[in-house]
Amino acid sequence: NWTVKTSGPLLNKTLRQQYLSLPQGNFCQVTYVWIDGSGEGLRNKTRTMDSEPKNLPEWNFAGSSTGQSKGHNSDMLLIPVCMFRDPFLLDPNKLVLCEVLKHTREPAESNHRNSCNKVMEKVKELHPWFGMEQEYTLFGVDGHPYSWPRLGFPKPQGPYYCSVGADRAFGRDIVECHYKACLYAGIKISGTNAELLGIMFWMGYFTSYLKKKAIEKLSKRHAEHIRVYDPHDGEDNKRRLTGRHETSSIHDFSSGVANRGASIRIPRQVGQEKCGYFEDRRPSANCDPYAVTCAMARTCMLEGDEDVHELE
């Protein structure tokens, strides 16, 4: 889950805005963003370009400081793969998602995009659709969930789902700002809603053409998928996939129409029409989307006995 904390010295917001509003001429600030050695943390560094870029150069960083290399051979390569408008510094500035390569130009261990891209090339004729449902919880500086009672627990979860009102939809300003920032940047976000615990950030459901064979294939590789559905080989999901609170058991594979306690939920309309999409409810909130979608495509769309945990 995402944690939002505010602590330490803060610049006065009015003064900060004064500086951010200063003209920058034709220069463009380009922020390179990449996944670090933890497989779930993000890093970034910014460079100045003479004008708004169309093609971006490769860059490098000290991998020994991000858990991605040793100090005696520290430099890692940043390979730009996708550029977005910067919702923090505004136009013409850019955010750039990067892949990380070793000095040998082999993908870093935390770079699952590289192998995912190879698999997606193999199945592109099937036109798979993927999306990630991203839940996050807001925490205060005291380490407690935002507006969580200091002594005890909140009311039963029902009133908080898709909630409105100051006594239920806590942190809505942050959610709305985040939503608008995604649209400004050009990120394909399909919507937001308050969930049973905190706020849910939707980037769509996992979608694919529904074939009973796909679910059968998934059932045979349940353990392998659990290993790639969180950054710690399934250890994070042990605490979540308990079979309670609308989760499936981490030990058993299941599927069902409209069943939120199953590994795979088939929407009721899809079950009636026998076509559409299904939802894999096993990936954790801190999963790597590249690792998850790569595993799904390999299992459901490729023939063969490749282990979904192995990277090409």
Side-chain angles (χ1 to χ4, degrees), residues 32-37 39-40 42 53-60 68 76-84 94-134 185-190 203-222 224-231 233 264 275-280 282-284 286-312:
Y32 286 51
V33 180
W34 70 96
I35 300 171
D36 66 17
E40 53 185 325
L42 292 174
K54 294 183 179 179
N55 298 306
L56 293 164
E58 296 181 6
W59 207 5
N60 61 71
Q68 291 169 291
M76 303 288 284
L77 301 176
L78 290 174
I79 312 300
V81 295
C82 193
M83 184 163 62
F84 303 89
K94 306 296 180 185
L95 296 177
V96 181
L97 178 65
C98 300
E99 277 195 19
V100 177
L101 301 184
K102 301 176 183 179
H103 71 282
T104 58
R105 303 197 72 83
E106 296 175 314
E109 283 75 9
S110 58
N111 179 1
H112 297 301
R113 183 187 185 277
N114 191 275
S115 57
C116 181
N117 188 53
K118 293 177 182 177
V119 170
M120 295 307 166
E121 279 295 313
K122 293 180 180 179
V123 303
K124 64 181 180 181
E125 299 302 324
L126 298 176
H127 304 289
W129 291 1
F130 295 93
M132 303 300 294
E133 177 190 82
Q134 178 65 67
I187 295 173
K188 295 181 179 179
I189 176 173
S190 62
M203 292 188 70
Y205 277 139
F206 166 79
T207 53
S208 176
Y209 293 109
L210 176 64
K211 297 182 179 179
K212 294 306 178 178
K213 289 184 179 179
I215 295 178
E216 181 181 353
K217 289 180 178 180
L218 288 170
S219 70
K220 295 178 179 179
R221 289 189 163 176
H222 176 67
E224 295 173 35
H225 277 252
I226 287 296
R227 296 209 311 271
V228 299
Y229 279 7
D230 71 48
D233 294 329
I264 303 295
C275 66
Y277 68 92
F278 60 82
E279 176 192 12
D280 192 333
R282 296 170 295 172
S284 65
N286 62 337
C287 70
D288 186 321
Y290 295 123
V292 171
T293 55
C294 181
M296 294 295 296
R298 282 185 174 183
T299 295
C300 298
M301 303 174 199
L302 289 180
E303 300 295 332
D305 298 322
E306 304 100 322
D307 186 329
V308 297
H309 197 252
E310 294 176 358
L311 299 181
E312 297 182 350

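These values consider heavy atoms only, across backbone and side chains, with no hydrogens, waters or symmetry-generated copies.
Between Glu224 and Arg298, none of the side-chain N atoms (NZ, or NE/NH1/NH2) sits under 4.0 Å from a carboxylate O, so this pair counts as no salt bridge.
Looking at heavy atoms from C-beta onward, Gln68 lies in side-chain contact with Trp34 at the 4.5 angstrom threshold. No side-chain heavy atom of Lys54 sits less than 4.5 Å from a side-chain heavy atom of Met83. Residues Pro231 and Ser284 have side chains in contact (heavy-atom distance under 4.5 Å, counting atoms from C-beta outward). The closest side-chain heavy-atom distance from Met296 to Pro128 is not below 4.5 Å.
Counting all heavy atoms, side chain and backbone alike, Ala214 lies closest to Phe278 at CB-CE2, 4.3 Å. Contact record, Leu101 with Pro107: CD2-CA, 3.7 Å, taken as the closest heavy-atom pair. When all heavy atoms of Pro283 and Val292 are compared, the pair lying nearest together is CG-CG1, 3.9 Å. Minimum interatomic distance between Lys217 and Thr299 (heavy atoms only, all atoms of both residues): CD-O, 3.0 Å. The two residues Pro80 and Pro57 come nearest to each other via the heavy atoms CG-O, 3.5 Å. Considering every non-hydrogen atom in both Val119 and Ala297, the closest pair reads CG1-CB, 3.7 Å.
Put simply, CG on Asn111 and CG on Leu77 are 11.5 Å apart, with the number rounded to the nearest 0.5 Å. Between Glu133 atom CD and Asp280 atom CG the span is 11.0 Å, to the nearest 0.5 Å. Between atom CD1 of residue Ile264 and atom NE2 of residue His222 there is a gap of 10.0 Å, rounded to the nearest 0.5 Å. Atom CE in Met120 sits 11.0 Å away from atom CG in Leu126 (nearest 0.5 Å). In this structure, CG in Asp233 is found 7.0 Å from CZ in Arg227, a value given to the nearest 0.5 Å. The NZ atom of Lys94 lies 11.5 Å from the SG atom of Cys82; values are rounded to the nearest 0.5 Å.
Under the salt bridge (charged side-chain N to carboxylate O under 4.0 Å, His left out) criterion, Glu40 pairs with no residue at all, not counting sequence neighbours. For Glu106, the salt bridge (charged side-chain N to carboxylate O under 4.0 Å, His left out) criterion is met by no residue, not counting sequence neighbours.
Between Cys300 and the choices Val123, Ile215, Leu218, the side-chain contact (heavy atoms from CB on, under 4.5 Å) rule is met once, by Leu218.
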Could you go step by step and tell me if Met76 and Lys102 meet the side-chain contact (heavy atoms from CB on, under 4.5 Å) rule?
-> CA-CA 5 Å; Met76 303 288 284; Lys102 301 176 183 179; 4.1 Å; yes
For Val33 and Val96, what are the C-alpha separation, side-chain angles and deciding distance, and is it a side-chain contact (heavy atoms from CB on, under 4.5 Å)?
-> CA-CA 6 Å; Val33 180; Val96 181; over 6 Å; no
Can you list the steps and then say if Glu121 with Lys124 is a salt bridge (Lys or Arg N to Asp or Glu O under 4.0 Å)?
-> CA-CA 5 Å; Glu121 279 295 313; Lys124 64 181 180 181; 3.2 Å; yes
Run the numbers on Ile79 and Arg105 for side-chain contact (heavy atoms from CB on, under 4.5 Å), then give the verdict.
-> CA-CA 10 Å; Ile79 312 300; Arg105 303 197 72 83; 3.9 Å; yes
side-chain contact (heavy atoms from CB on, under 4.5 Å) between Val100 and Leu78, worked out | CA-CA 5 Å; Val100 177; Leu78 290 174; 4.2 Å; yes
